[in-house]
Amino acid sequence: MEMTEKEFDKRFIETLDSLLVAMAENSEIDPNKFYGMACVLENLRYFSPVIYGAIQNQNSKK
């Protein structure tokens, strides 16, 4: 199944948001670690085009 970059970006952001919500709802996660991980997830959003390109390159080699 071929996915456009726009579809990938949308699903990638939804996945990152789901991870953030799951961590926020878990009372066992230390707030400092939560904040750090939230920053990492936020920064991953900016790499969505790079990740998509890497996946496309890998798929084109097959």
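Everything numeric in this text was worked out from a predicted model, so none of it was measured. Numbers here simply count residues along the sequence, with the first being 1.
- Here the CD1 atom belonging to Ile55 is positioned 4.0 Å from the CZ atom belonging to Phe8, to the nearest 0.5 angstrom.
- Separating the CZ atom in Arg11 from the CE atom in Met3 is a distance of 4.0 Å, to the nearest 0.5 Å.
- Note on Val50 and Leu41: same hydrophobic cluster, where clusters join Ile, Leu, Val, Met, Phe, Trp and Tyr whose side-chain heavy atoms are under 4.5 Å apart, directly or indirectly.
- You'll find the side chain of Leu19 stays beyond 4.5 Å of the side chain of Met37, heavy atoms only.
- For the pair Met23 and Ala38, the tightest heavy-atom approach, listed with the atom from each and the gap, is CE-N, 4.5 Å.
- No path of Ile, Leu, Val, Met, Phe, Trp and Tyr side chains, each step under 4.5 Å between heavy atoms, connects Val21 with Leu16, placing them in separate hydrophobic clusters.
- Between atom CG of residue Asp30 and atom OH of residue Tyr35 there is a gap of 14.0 Å, rounded to the nearest 0.5 Å.
- Taking Glu28 as the reference, nothing meets the salt bridge (charged side-chain N to carboxylate O under 4.0 Å, His left out) condition, with sequence neighbours excluded.
- Of the inter-residue distances, the one linking Asn26 atom CG with Phe34 atom CZ reads 10.5 Å to the nearest 0.5 angstrom.
- From Leu44, atom CG reaches atom CD1 of Ile13 across 11.0 Å, with rounding to the nearest 0.5 Å.
- By the 4.5 Å heavy-atom criterion applied to side chains, Asp9 and Tyr52 are not counted as neighbours.
- In this structure, Glu25 contributes its side chain and Ala22 its backbone to no donor-acceptor pair below 3.5 Å.
- Within the 3.5 Å criterion, the main-chain N or O of Cys39 finds a donor-acceptor partner in the side chain of Asn43.
- With respect to the salt-bridge test (charged N to carboxylate O, under 4.0 angstrom), the residues Lys10 and Glu14 qualify.
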